[in-house]
Amino acid sequence: QPPLDACKVKAAINSQLRHLPLRILDCRAVGDDFHARFSAVQRTYHYRIRDGDVGGTAAASVFDSSTAWCVPHRLQVAPMQEAADALVGTHDFANFCYTGKKSDVEHTVRHIVEFGVERCSHTEGFADHLKAAASGDGHPRQSAASGLSAASGGGGGGSEGSSGRHILIKVTANGFLYHQVRRMVWALAQVGRCEPDWVSVDDIRRGLPQEEEGFDPDLRLPLNKKL
């Protein structure tokens, strides 16, 4: 039996997804030993935070309930980026792993390639997702590079004076522990509050305590690309 045509497979799957908010953007043949999870060498996750005046005079978009973590405090991007920079590189992230899953992991060392924090508007956040998915010729490696361009260099994209009501966080690593990204984002948000009794950059460097008050495990976490 001849191999299936990748374009026809993509069209056939999308025809079954026409009533769902989901589309296959790229499809290609791989070897029999390919594993969608374990064959990936890098993963990129995006987080969106809507901060300040949530439910106040500037009412949140109806889409934010399913696409962004809404926090009532106005966060400062610069210290959040400093904390993110402290996590770039190879580290033991055991303190950022969900306690109940630690026994399932043989090694807790991971390598973070890039970790960017930038302020943007609601539409800019979505445009970035779309641009990352559709740039270049559609191949995942080129798309991921495009999606990360604003975060590369460790400096973040948005300034503190920006009027954007959202913070876009992008992190790329060779792999993540269970709930690692959610816990890192939570910690960055506490740093961004710039209050002495909350998490500081030094706390991030030492590792986050396991029981964090106010941690929300249901934060929306879109996987942007696997490479």
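No hydrogens, no waters, no symmetry mates; every other heavy atom, side chains included, goes into these values.
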_If the test is side chain to side chain donor-acceptor pair (under 3.5 Å), which one of Arg119, Arg48, Glu118 qualifies with His166?_
Arg48

Do [X] and [Y] have side-chain heavy atoms sitting under 4.5 Å apart?
| X | Y | result |
| --- | --- | --- |
| Arg110 | Ile112 | no |
| Phe96 | Phe176 | no |
| Ile167 | Tyr47 | no |
| Ile169 | Met184 | no |

*Using modelled atom types only, decide if a donor and an acceptor are shared between the side chain of Gln81 and the backbone of Phe115 within a distance under 3.5 Å.*
yes

*Where the side chain of Arg193 meets the backbone of Gln190, is there a donor-acceptor pair that is under 3.5 Å apart?*
no

*Which hydrophobic side chains are connected to Val113, either touching it within the sub-4.5 Å cutoff or through other members that do?*
none

*Atom CD of Gln76 and atom CD of Glu82: how far apart are they, to the nearest 0.5 Å?*
13.0 Å

_From Glu114 atom CD to Asp85 atom CG, the distance as rounded to the nearest 0.5 Å_ = 11.0 Å

Mind listing the closest non-hydrogen atom pair of [X] and [Y] along with its distance?
| X | Y | answer |
| --- | --- | --- |
| Lys10 | Cys27 | CB-CB, 3.8 Å |
| Arg28 | Ala6 | CA-CB, 3.9 Å |
| His91 | Leu87 | CD2-O, 3.2 Å |
| Val191 | Pro79 | CG1-O, 3.5 Å |

*Tell me, please, which residues at least two apart from Asp92 pass side-chain hydrogen bond (donor to acceptor under 3.5 Å, both in side chains).*
Thr108

*Using side-chain contact (heavy atoms from CB on, under 4.5 Å) as the criterion, list what pairs up with Leu17, not counting sequence neighbours.*
Ile13, Asn14, Leu20, Leu22, Arg23, Ile24

*For His35, which residues count as a side-chain contact (heavy atoms from CB on, under 4.5 Å) partner, sequence neighbours excluded?*
Arg37, Phe38, Ser39

